[in-house]
Asker: 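Below is a structure I'd like to ask you about.
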2 protein chains.
Amino acid sequence: MRPTSCDYAANVTLGILEGKWKLLLLCHLRNGTKRFCDFTALIPGLTQKVLTYQLRELETHGLVRRQIYPVIPPKVEYSLTPYGESLIPLMDLMNLWGEKHKERLLESEHIG
Amino acid sequence: MRPTSCDYAANVTLGILEGKWKLLLLCHLRNGTKRFCDFTALIPGLTQKVLTYQLRELETHGLVRRQIYPVIPPKVEYSLTPYGESLIPLMDLMNLWGEKHKERLLESEHIG
DNA sequence: CGGTATCCGCAACGATACTG
DNA sequence: CAGTATCGTTGCGGATACCG
């Protein structure tokens, strides 16, 4: 049943996915476990502070697991939890729609 | 093929859906054409300025059609475009995941 | 290597008042 | 009825420097 009130459940999902880099982080994690420095290498323009912040939020929501190895120098691994994997169909659909949208923009540009 | 670079298409979709009230507006439009004042009545806490802003963005992206009737007092109707309707499967999936997430939160609350 | 600690700018959002 | 106009707040993201 779809809502008539303010607390539309889809908004909860949006709130969790919102964040400039979160989808991209999740996308990279689909390819396997990553270390902190992997992200900064993979994603130019992403600073340590923001990366930390977004990873912490993903962890807080249970989408990402943070595994700390007590070694020197420090080693921390990030991976998708099963719960995080449950977002994969949604991510794929968002990706698909986004691709179509980009095509659409190109067409209207071509015509206009 | 999933991206390794920064321009992840899912982010495009996110950018279009981002906005505190957009999903809710789209959701209401699924039930049929709405007038400006319908939204303010349906959604407590939503001011005219913000409503205007978000509707204009949805219109700009081609998701919503704005039909102006040149009468006094003014009458403006908003409806989903076919392109906007193409988002329905995505909205449903987001809603579904959001519902599951809320259940999950209740459970962990119950346990903790 | 994997973070914190500060400081700052901007855009989204909100409150309120006014208008054709 | 369907908006503008103005002003104020807040929080995300970015820049930079420092730490165990």
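Quick caveat, the model's predicted, so the values are computed rather than measured. First the proteins, then the strands, lettered A, B, ... as listed; each starts at 1.
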Asker: Starting at CG of B:Leu51 and ending at P of D:dC1, how long is that distance when rounded to a whole Å?
Answerer: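 Value for this atom pair: 14 Å.
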Asker: Scan side-chain atoms only and decide if A:Tyr83 and B:His101 contain a donor-acceptor pair under the 3.5 Å cut-off.
Answerer: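 Short answer, yes.
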Asker: So for the helix from C:dC1-D:dG20 to C:dG20-D:dC1, with five pairs setting each end axis, what is the inter-axis angle to 10°?
Answerer: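 The value is 50°.
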Asker: Can you check whether A:Glu18's main-chain N or O pairs, donor with acceptor, with A:Lys22's side chain at less than 3.5 Å?
Answerer: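 Between the backbone of A:Glu18 and the side chain of A:Lys22 there is a qualifying donor-acceptor contact (under 3.5 Å).
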Asker: Taking the side chain as C-beta and beyond, is there a heavy-atom pair between A:Leu17 and A:Leu87 under 4.5 Å?
Answerer: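 Yes, side chains in contact.
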Asker: Do A:Tyr78 and A:Ile68 sit in the same hydrophobic cluster, where Ile, Leu, Val, Met, Phe, Trp and Tyr count as joined when their side-chain heavy atoms come under 4.5 Å apart?
Answerer: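 As far as the 4.5 Å side-chain criterion goes, A:Ile68 and A:Tyr78 are connected within one cluster.
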Asker: Looking only at atom types and distance, does a side-chain atom of A:Thr81 sit under 3.5 Å from a main-chain N or O of A:Gly62, one as donor and one as acceptor?
Answerer: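 Yes; at least one donor-acceptor contact below 3.5 Å.
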Asker: Take the protein atom CD of A:Glu18 and the nucleotide atom C1' of C:dC13, then report the distance between them rounded to whole Å.
Answerer: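 In whole Å, C:dC13 C1' and A:Glu18 CD are 12 Å from each other.
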Asker: Would you say A:Asn95's side chain and A:Asp92's backbone share a donor-acceptor pair under 3.5 angstrom?
Answerer: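 No.
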Asker: Tell me: CZ of B:Phe39 to P of D:dA2, nearest whole Å?
Answerer: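 Value for this atom pair: 11 Å.
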Asker: Can you check each nucleotide of nucleotides 1-12 of chain C against protein heavy atoms at under 4.0 Å and return B for base, S for sugar-phosphate only, - for none, in 5' to 3' order?
Answerer: BBBBBBB----S
Asker: Judged by atom type as modelled, is there a donor-acceptor pair below 3.5 Å linking the side chain of A:Thr33 to the main-chain atoms of A:Ser79?
Answerer: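 Checked: no pair found.
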Asker: Can you tell if the side chain of B:His28 reaches within under 4.5 Å of the side chain of B:Asp38, non-hydrogen atoms only?
Answerer: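 The answer is no, as the side chains (C-beta and beyond) never meet within the 4.5 Å cut-off.
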